[in-house]
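Notes to accompany the following structure.
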Amino acid sequence: MARALHVAERGRFTTDPNPRVGCVLVKEGQIIGEGFHEKAGQAHAEINALKNTKVDTTGATAYVTLEPCSHYGKTPPCCDALIGAGIKRLVVAMTDPNPLVSGRGLERCKAAGMEVICDVLRADAEKLNRGFISRMTRNRPFVQSKIAMSLDGRTALANGESKWITSPEARADVHLFRAESSAILTGIGTVLADNPSLNARVNFPVEQPIRVILDSALKMPLDAQIANTTGKILILTCSTNEQKHADLKKSGFYCHVLPEINGRVDLKAALNFLGEQGINNVFVEAGATLNGALLEANLVDEWLIYMASCVLGDKGRGAFSLPEWQSMTDKKNLQWQDVRHIGQDLRFILR
């Protein structure tokens, strides 16, 4: 199963909106074939594993990181392919959280006389597909927010200058996180201040994530740098100004109106909408206003914080814009998940 999970990782940047799945076939103690799901609409991991073996699969064991599908979608059911190939034992890391599949694939395999074992390295499989699981069980994506800060917790100078706080290695690391995300989310304030591209600049082919801008009053400049990049750009707004909508559409932006709270886009509604669009993982790159609002609403699943060994001083800009709290009981407590060196910087992962 560890090998199957490793194989599944090969689809890390390509499978959206589908889950990342790997399959390893074993017969008489030897691996006879393996495969992974590469792209939505193409063959699933089990089919690729069967194609990649030249040995008779009758009596073999299939190790699959996610329950084989049992329904007709863009491809036929994988459980039927395993049954037809004579697989006699099925080892699965986790059941499929998709209501169309959950449990049905395992039951069909059992009904065909197959021995079925489930929950092998389940935690690893869940981590691999936490975005897909979130969308299927919570109807919204897994949200990860990245912040680059100085040793004294500042994200920019008082005048807004922030290039560059962290090292080239840290910035390259961020591009990998961008590349594996379904969408990159920011606020209009960041667009106006930094004019970013928000694309994944990596040394391998990648389908660019959707860029999502929260722009309550439709202040997006028509000549913003982001408009000159490849990939879809989605503006979520609560403005119904028809002229602005028309102008932005002409410039290649997609706009969608959502409910508002105190004149700003409802963040929960925004995440639910993104889930409806098949977005599994959202990578937030924003300023203190949006990060503060997300933190206060408990809408970020994981914080990715890069800390550089520099000091910007108390006039610099902080990471979170929050109300003034009067008691330590109001503080937000996070849990450490990982700490490591990236270049000259430290990378913290917290939940």
Quick one: does S181's side chain have a donor or acceptor within less than 3.5 Å of a partner on A183's backbone?
no
Could you state the interatomic distance from SG (C23) to CG (L66), rounded to the nearest 0.5 Å?
11.5 Å
Would you sort out whether V284 and N291 count as a side chain to side chain contact (heavy atoms under 4.5 Å, CB included), showing the intermediate values?
CA-CA 8 Å; V284 180; N291 273 320; 4.1 Å; yes
As an exercise, state the distance from CG of N281 to CG of L185, rounded to the nearest 0.5 Å.
13.0 Å
Just wondering, are more than 12 heavy atoms of other shown residues or ligands nearer than 6.0 Å to NZ in K54?
no
S134 and R138: side-chain donor and acceptor closer than 3.5 Å?
yes
Indicate yes or no for a side-chain donor-acceptor contact from S145 to the backbone of W303 under 3.5 Å, with no hydrogens or angles considered.
no
Kindly compute the distance separating NZ (K110) from SG (C79), expressed to the nearest 0.5 Å.
13.0 Å
Check whether any side-chain heavy atom of S251 lies under 4.5 Å from a side-chain heavy atom of M220, and answer yes or no.
no
Answer with yes or no after comparing the ring centroid distance for W336 and F348 against a 6.0 Å cut-off, counting only values under it.
yes
Under 3.5 Å donor-acceptor, R154 side chain and G316 backbone:
yes
CG-CD1 distance between N98 and I133, expressed to the nearest 0.5 angstrom:
11.5 Å
So, does T155 use its side chain to make a donor-acceptor pair with the main chain of M149 at under 3.5 Å?
no
Just wondering, do P68 and E46 contact through their side chains at under 4.5 Å, heavy atoms?
yes
Would you mind writing out the side-chain donor-acceptor pairs for residues 25-37 within the sub-3.5 Å range, not counting sequence neighbours?
residue	atom	partner	partner atom	Å
K27	NZ	D56	O	2.8
K27	NZ	T58	O	3.1
E34	OE1	R3	NE	3.0
E34	OE2	R3	NH2	2.6
H37	ND1	A43	O	3.1
H37	NE2	N18	ND2	3.0
H37	NE2	K39	O	3.4

Mark yes or no for whether N129, through its side chain, and F132, through its backbone, hold a donor-acceptor pair below 3.5 Å.
no
Donor-acceptor contact below 3.5 Å, side chain R140 vs main chain N272:
no
Looking only at heavy atoms, the pair that brings I184 and P209 closest together is CD1-CG, 3.7 Å
Check for a donor-acceptor pair, side chain of D173 on one end and backbone N or O of E169 on the other, with a separation under 3.5 Å.
no
Quick one: does S102's side chain get under 4.5 Å of M136's, heavy atoms only?
no
With distance as the sole criterion, is a donor-acceptor pair present between the side chains of D16 and N280 under 3.5 Å?
yes
In plain terms, say whether R130 and E302 are close enough for a salt bridge, that is, a side-chain N and a carboxylate O under 4.0 Å apart.
yes
Any side-chain heavy atom of I213 within less than 4.5 Å of one from L234?
no
So that I can tick it off, tell me whether R347 and D338 are bridged by a salt bridge, with the cut-off set at under 4.0 angstrom between side-chain N and carboxylate O.
yes
Is the ring centre of F204 less than 6.0 Å from the ring centre of F13?
yes
Does NZ or CZ of K146 lie under 6.0 Å from the centre of the six-membered ring of F283, at an angle within 45° of the ring axis?
no
Applying side chain to side chain contact (heavy atoms under 4.5 Å, CB included) to L258 and H256, what does each step give before you reach the verdict?
CA-CA 7 Å; L258 289 173; H256 186 81; 3.6 Å; yes
Under 3.5 Å: donor-acceptor pair, side chain of E67, backbone of R104
yes
Could you tell me which non-hydrogen atom of S239 sits nearest to which non-hydrogen atom of N241, and how far apart they are?
OG-N, 3.2 Å
Pair R211-T229, side-chain donor/acceptor within less than 3.5 Å
yes
To the nearest 0.5 Å, how far apart are CD1 in I87 and CD in E115?
13.0 Å
Distance-only, no hydrogens or angles: does the T57 side chain make a donor-acceptor pair with backbone N or O of A85 under 3.5 Å?
yes
For R89 and Y63, the nearest pair of non-hydrogen atoms, with its separation, is NH1-OH, 3.5 Å
Under 4.5 Å between side-chain heavy atoms, counting indirect links through other Ile/Leu/Val/Met/Phe/Trp/Tyr residues: same cluster for M307 and I342 or not?
no
D152 and S150: side chain donor to acceptor below 3.5 Å:
yes
Side-chain heavy atoms nearer than 4.5 Å, only ILVMFWY residues, links allowed to pass through others: does that put V212 and I235 together?
no
Could you see if L299 belongs to whatever hydrophobic cluster contains V265? Use Ile, Leu, Val, Met, Phe, Trp, Tyr and a side-chain cutoff under 4.5 Å.
yes
Let's go through H245 and V257 carefully: what are the C-alpha distance in whole Å and the side-chain angles of both, what is the deciding distance for side chain to side chain contact (heavy atoms under 4.5 Å, CB included) to 0.1 Å, and is it a yes or a no?
CA-CA 10 Å; H245 275 268; V257 178; 3.6 Å; yes
Considering all heavy atoms, the nearest A156-I165 contact
N-CD1, 4.0 Å
Run the salt bridge (charged side-chain N to carboxylate O under 4.0 Å, His left out) test on D301 and R351 for me, step by step, so that the C-alpha distance in whole Å, both residues' side-chain angles and the decisive distance to 0.1 Å come before the verdict.
CA-CA 6 Å; D301 298 298; R351 290 187 187 170; over 6 Å; no
Do Q225 and P196 make a side-chain contact, defined as non-hydrogen atoms from C-beta onward lying under 4.5 Å apart?
no
Please round to the nearest 0.5 Å and tell me the distance separating atom CD1 of I226 and atom CD1 of I233.
5.0 Å
Have S327 and T329 got a donor and an acceptor in their side chains that come within less than 3.5 Å?
yes
State whether the number of non-hydrogen atoms from other residues, nucleotides or ligands found under 6.0 Å of E207 atom CD is greater than 12.
no
Kindly indicate, with the supporting measurements, whether the criterion side chain to side chain contact (heavy atoms under 4.5 Å, CB included) is fulfilled by V120 and V92.
CA-CA 6 Å; V120 176; V92 176; over 6 Å; no
Determine, using the 4.5 Å side-chain heavy-atom cutoff (strictly less than), whether Y306 and L151 are members of one ILVMFWY cluster.
no
Write down the atom of F142, the atom of G131, and the distance for their closest heavy-atom approach.
CB-CA, 3.7 Å
Do S167 and D345 pair up side chain to side chain, a donor and an acceptor below 3.5 Å, judged on atom types alone?
yes
Quick check: do L90 and L106 have side-chain heavy atoms less than 4.5 Å from each other?
yes
Is it true that L267 and L274 fall in one hydrophobic cluster, defined by side-chain heavy atoms closer than 4.5 Å?
yes
Evaluate salt bridge (charged side-chain N to carboxylate O under 4.0 Å, His left out) for D119 paired with R122, printing each intermediate quantity in order.
CA-CA 5 Å; D119 295 333; R122 181 188 179 98; 2.7 Å; yes
So, Q243 versus D247: side-chain donor-acceptor pair below 3.5 Å or not?
yes
Quick one: are L222 and L248 in side-chain contact, heavy atoms under 4.5 Å?
yes
Give me the atom names and distance for the closest heavy-atom approach of T95 to C118.
CG2-SG, 3.9 Å
Are the side chains of E9 and R20 in contact, using a 4.5 Å heavy-atom criterion?
no
Looking at T186 and E285, would you say the former's side chain and the latter's main chain have a donor-acceptor pair under 3.5 Å?
yes
